Protein chains: 2
Amino acid sequence: MAAELEIVCIGNELLIGKVVNTNASWIGKKATDLGIKVKRVTVCADDLQEIASVIREALSRKPKFVITTGGLGPTFDDKTLQGISIALQKKWVVNVEAFRMVQNKYVEYVKSRNIETPDMTEPRVKMATFPEGTKPLFNPVGTAPGMQADIENTVLFALPGVPKEMEAIFELSVVPLLRQASENGGFYQKSIYADNIMESILAPLIDKVMQDNCGVYIKSHPKGMENQPHMELHFSILEKNPDRAEALLREAVAQMVQLIRENGGKIYPEKHQTDV
Amino acid sequence: MAAELEIVCIGNELLIGKVVNTNASWIGKKATDLGIKVKRVTVCADDLQEIASVIREALSRKPKFVITTGGLGPTFDDKTLQGISIALQKKWVVNVEAFRMVQNKYVEYVKSRNIETPDMTEPRVKMATFPEGTKPLFNPVGTAPGMQADIENTVLFALPGVPKEMEAIFELSVVPLLRQASENGGFYQKSIYADNIMESILAPLIDKVMQDNCGVYIKSHPKGMENQPHMELHFSILEKNPDRAEALLREAVAQMVQLIRENGGKIYPEKHQTDV
């Protein structure tokens, strides 16, 4: 069984629809490609008790990984690490290694601007204040370090909300652990596009092809309307052997193409102009 | 206190990062503008037990509204209404009104294509199979009706995943209830943009302005890097009286502008070219 991941995105801007949650889809895609099963995404507000609840609930479901995004910065509404402290029932304390990381950043910043040595003010120290016993993760792009906590069978990562910073720490510190946990499994996928066949006609054909091709998952994505149907059919499989994955997908696609044609549908191997 | 809403988005394509969750941000923005507080967004797989769990958990937090998206179509992986039946411990039965709605759609479709009377096949009947005692919502754009369930103090809506269909049912059947619950409250917002001031310098200024301007919430959105800072400052307030909202925002913005200038920052009233 594939190792499971839950994603927790923290930020009012996501709830009020000011920002579209591309962090969740970016992480979802990366983790899926590495053979990890993304189980759930939860978005909550910049609220200490909400953050603590959401983290506690995620951990109670015992996924192999939990990744949070957002709330690591210097302002009052950056509450993720304090929320995690509450969830883990650990003290929220200045982490020496994180303190050095943050301090080094400001030394760099002021050097390039020819101003005096930076004070480690309260908002700056806050970025280095961690749940006791957890590990800071170097941020190659921005200021606030990420965090890693090893809790029984779950590894909990806290990453920044700014996409470039999140992605950089993810590649550097998260990918190696996901890769190790995936046991060399991989996610393989292929899409075909069908016109002129209603989704309600497709439904039993999909059932049949899935039954005949064990392990292949087929999902229909309607792009038009039921009466002017334009459908993406997305085939996917989680499989260790790339050749076997390729062969299984090829067989399932071939059977589906034949069934769709028998039912009056047209097939396009690629997206085409009627695609919305 | 503003009425609360939880959004539950159902679909593997969201978890694997194939599709970005624009439904959640669209609903989040609409509901926020109507004066509703969006409390949480949860994304889960097309899995019956997962859907039932997520719905049960959302209802247990007793928000005024829960809105689900996705999983109302005719294929095997459309499981939302059956999942809701499990969560509500109600039978999953053919709803006469929904059956007529779906049937009428197919009568229309075949009319325009000059083919014989449509059979109400199993996948089509499935779109009319509802938790017992719930109400179908007319879909002006697509085939599958939405659903409304009135449960103690919560109204639960199930909307389709296809954005155009979701938006149409939302406008028609959800907006009136949200508007009624918001007690004429509204969400007002304003952004300013600041350069040349680090977020760690801004942090205490934000604290001060929020303390001095009760009800105004200020969130910084870093767009550049800490050492080349470019910041959006987003001011918002939930308030019944639009004039009062406008005045409170104006005051808070004016104080913030002054503080930023005193600290060497530059202010732009609008987004400008260095905006990422």
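Quantities reported herein were computed from a predicted structural model and do not represent experimental measurements. Scope of the values below: all heavy atoms of this structure, side chains included, with no hydrogens, waters or symmetry mates. Letters A, B, ... are given to chains in the order of the sequence lines, protein chains preceding strands, and every chain is numbered from 1.
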- Query: Of the non-hydrogen atoms in B:Phe76 and A:Ile218, which two are nearest, and what is the gap between them?
  - Reply: CE2-O, 3.3 Å
- Query: Does the distance from a Lys or Arg side-chain N to an Asp or Glu carboxylate O, for B:Glu232 and A:Lys18, drop under 4.0 Å?
  - Reply: yes
- Query: Run the side-chain contact (heavy atoms from CB on, under 4.5 Å) check on B:Glu13 and A:His221 step by step: do they pass?
  - Reply: CA-CA 9 Å; B:Glu13 68 278 14; A:His221 296 281; 3.4 Å; yes
- Listed by number, the residues in residues 49-58 of chain B that come under 4.5 Å of chain A (heavy atom to heavy atom) are B:Glu50, B:Ser53, B:Val54, B:Glu57
- For A:Ser220 and B:Thr75, which heavy atoms make the closest approach, and how far apart are they? OG-CG2, 3.4 Å
- Between B:Val43 and A:Arg40, what is the shortest heavy-atom contact and its length? O-CG, 3.2 Å
- Message: Within the 4.5 Å heavy-atom criterion, are B:Asp46 and A:Tyr217 side-chain neighbours or not?
- Response: yes
- Item | Pick from B:Asn21, B:Asp207, B:Asp33, B:Leu202 with the largest number of heavy-atom pairs that fall under 4.5 Å of chain A | B:Asp207
- Assess whether side-chain contact (heavy atoms from CB on, under 4.5 Å) is satisfied between B:Val41 and A:Thr42, documenting all intermediate values. CA-CA 6 Å; B:Val41 177; A:Thr42 309; over 6 Å; no
- Item | Segment of B:Asp47 engaging chain A (4.5 angstrom heavy-atom cut-off) | neither
- Evaluate the side-chain proximity of B:Lys223 to A:Val162: yes if any heavy-atom separation is below 4.5 Å, no if none is. no
- Message: I need the minimum non-hydrogen distance between B:Thr32 and A:Ile16, along with the two atoms involved.
- Response: OG1-CA, 3.4 Å
